Number of protein chains: 2
Amino acid sequence: MAIINNKIDISDRGVAYGDGLFETIAVIHGVLQHWDLHWPRLIMGAKRLALNLPAEKDLLANIDLNLENTEKQIIKIIITRGSGGRGYLFPEPQCEHIIITSHRWPERKTADYLTGINVIVCRTCLSIQPALVGIKHLNRLEQVLARNEFDDKDYQEGIMLSYNTNSNQLDSIVVEGTSSNLFFVKDSVLCTPKIDTCGVSGTMRQAIISSVQASQLCSIEEGKYSLRQLAQATEVFFSNSIYGIIPVASIRVNESQQWFYNERSISSQLAEEFNSPLMHPTF
Amino acid sequence: MAIINNKIDISDRGVAYGDGLFETIAVIHGVLQHWDLHWPRLIMGAKRLALNLPAEKDLLANIDLNLENTEKQIIKIIITRGSGGRGYLFPEPQCEHIIITSHRWPERKTADYLTGINVIVCRTCLSIQPALVGIKHLNRLEQVLARNEFDDKDYQEGIMLSYNTNSNQLDSIVVEGTSSNLFFVKDSVLCTPKIDTCGVSGTMRQAIISSVQASQLCSIEEGKYSLRQLAQATEVFFSNSIYGIIPVASIRVNESQQWFYNERSISSQLAEEFNSPLMHPTF
């Protein structure tokens, strides 16, 4: 295993095949947020891809070297399978490359939290791949394509559907945002798409599920939901490890349909718990 | 656009997201093989991913700098979207990174050509994703996982099926090998899976289709074929830009089923045309 700074060999399998994992972690006053959820996801990903992880304490010691004396920063960890191997075949021995970088905190508009964001349904779908579901791997072209379908000025996030050959778009299954997980409230039940065939099992999503189950704030359900079901939702919000909980004001489904959401009763309570530690507005 | 040598910035989107394309080209006595097929595939990929390509003559001039005075070498081109962008959003301006590397020619056993290779059906399936079909993008985790299901000693290539929720494995659609395209002969018709929902549109595959159409060696058909249909094939072979045409001796379907192939009438004629220039055995 090797820590890589600044430059990586062009033969790295991260570049060649996207052969690795990453995590993006919020750091507030030097404290990693939800490390207890990021680390298990790394373990799950490493197991799935047959990658070796450093010991947790060694990884944390290396992260420490990248901590800055600031209120808020982002730490990104990339772990690749390193260089070598014949084509797709794993290298033997396998020497993982670990990249730890610090990033400026990306502030987003207060209005996003107070009035909610406008969202569009992306044309690029998530392919169904149980071998890669849930983990934060480096094969992100679907998200790259989906995110570039819309412009910040009009829409602040896109909803991704799972790929489906023969249905009306409204019957397609909703999975997540391009870089966030999706929640909605219907008949007082908090619903979130089950991450079992595609999508990322977000740490903030996990934190929300655990919190709601513990506090019994409301009923919570993971399931398969069609886009059509979002039309009947009373509130909709996204979750992300950096941005916390972001309410959705509207969903643009197609040229002729846009749905609006005004309720914030559950998302505002969750924002008290999850946005405050990230120093984001509550609503 | 920038040519990258040896080391690439750790912020490159090739590492972060697999956001780019590649080509692997056989070079015989300094001549790029099937460049007339590699270049259009790069163009198709660049269009699909909204990448900018260098002018063909500039790319070729840079490839020239990597040519060695050897009988056989491999040139690999990687084109990434460069660094930058907010998350998945494209950088603006976008400065593609171009990596050109030379690799030693990987000789394979003469027996692979003369007696054919043993093949296994992989458990890792190809997900259906029309947005990425055909192009040689850098999101290759499915191939990495599939290729590592089997050991060289027992099997020399794996067959990948397309993902399918509710069918018997034998009804699943065959797509390609982990690093090659698949052909088979049934009732004197040369068949190859249609690359329209998943898989790579290989340059050698294209060359074979064009050649057979021009020479009228036999009928040729692109279609959706189930694994079951391979049981009735008289001959089966793989194609790859480096290895040419490789006959299949057997397919291991599961613990209790293995199918054998002895015929070589069409593949041997194609090998005369395509393996000879690559200095591989004909059979």
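Proteins get letters first, then strands, A, B, ... in listed order; numbering begins at 1 in each. Nothing here was measured: the structure is a model prediction, and the numbers come from that model.
- Top candidate by heavy-atom pairs under 4.5 Å with chain B, chosen from A:Asn5, A:Leu49, A:Leu126, A:Thr80, is A:Leu49.
- Side-chain contact between A:Gln143 and B:Tyr17: absent, with no pair of heavy atoms (C-beta onward) separated by less than 4.5 Å.
- Nearest heavy-atom pair, A:Leu145 versus B:Arg48, reported as atom, atom and distance to 0.1 Å: CD2-O, 3.9 Å.
- Counting non-hydrogen atoms of other residues, nucleotides and ligands closer than 6.0 Å to NZ of B:Lys47 gives a total of 12 or fewer.
- Of the listed residues (B:Asp12, B:Asp9, B:Asn6), the greatest number of heavy-atom pairs within a distance under 4.5 Å of chain A belongs to B:Asn6.
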- Message: Checking A:Ile10 against B:Ile78 for the side-chain contact (heavy atoms from CB on, under 4.5 Å) test, could you report, in this order, the C-alpha distance in whole Å, the side-chain angles of both residues, the deciding distance, and whether it holds?
- Response: CA-CA 9 Å; A:Ile10 50 176; B:Ile78 295 179; over 6 Å; no

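- The two atoms that bring A:Lys76 and B:Ala16 nearest to each other are NZ-CB, 3.9 Å, heavy atoms only.
- Within 6.0 Å of the NZ atom in A:Lys72, the count of heavy atoms belonging to other residues, nucleotides or ligands exceeds 12.
- Side-chain contact check for B:Leu89 versus A:Asn148: some heavy-atom pair is nearer than 4.5 Å.
- The nearest pair of heavy atoms linking B:Asp19 to A:Leu141 is OD1-CD2, 3.5 Å.
- Within 6.0 Å of CD in A:Glu107 there are more than 12 heavy atoms belonging to other residues, nucleotides or ligands.
- The two residues B:Ser127 and A:Ile128 have their closest heavy-atom pair at CB-O, 3.2 Å.
- Of all the heavy atoms in B:Ile99 and A:Val15, the pair that sits closest is CD1-CG1, 4.3 Å.
- Atom NZ of A:Lys109 has 12 or fewer neighbouring heavy atoms from other residues, nucleotides or ligands inside a 6.0 Å radius.
- Contact count against chain B (heavy-atom pairs under 4.5 Å) is highest for A:Asp152 among A:Thr197, A:Ile4, A:Asp152.
- Heavy-atom pairs under 4.5 Å with chain A were tallied for B:Cys198, B:Gly85, B:Ala146, B:Pro130; the largest tally goes to B:Pro130.
- For a residue to count as touching a neighbouring chain, one of its non-hydrogen atoms must lie under 4.5 Å from one of that chain's; by this rule A:Thr101 touches chain B with the side chain only.
- Of all heavy-atom pairs spanning A:Arg140 and B:Asn139, the tightest one is N-OD1, 3.2 Å.
- In terms of heavy-atom pairs under 4.5 angstrom with chain A, the leader among B:Lys7, B:His103, B:Arg13 is B:Lys7.
- Heavy-atom distances place both the backbone and the side chain of B:Ile8 under 4.5 Å from chain A.
- Contact annotation for A:Phe90: both backbone and side-chain heavy atoms come within less than 4.5 Å of a heavy atom of chain B.
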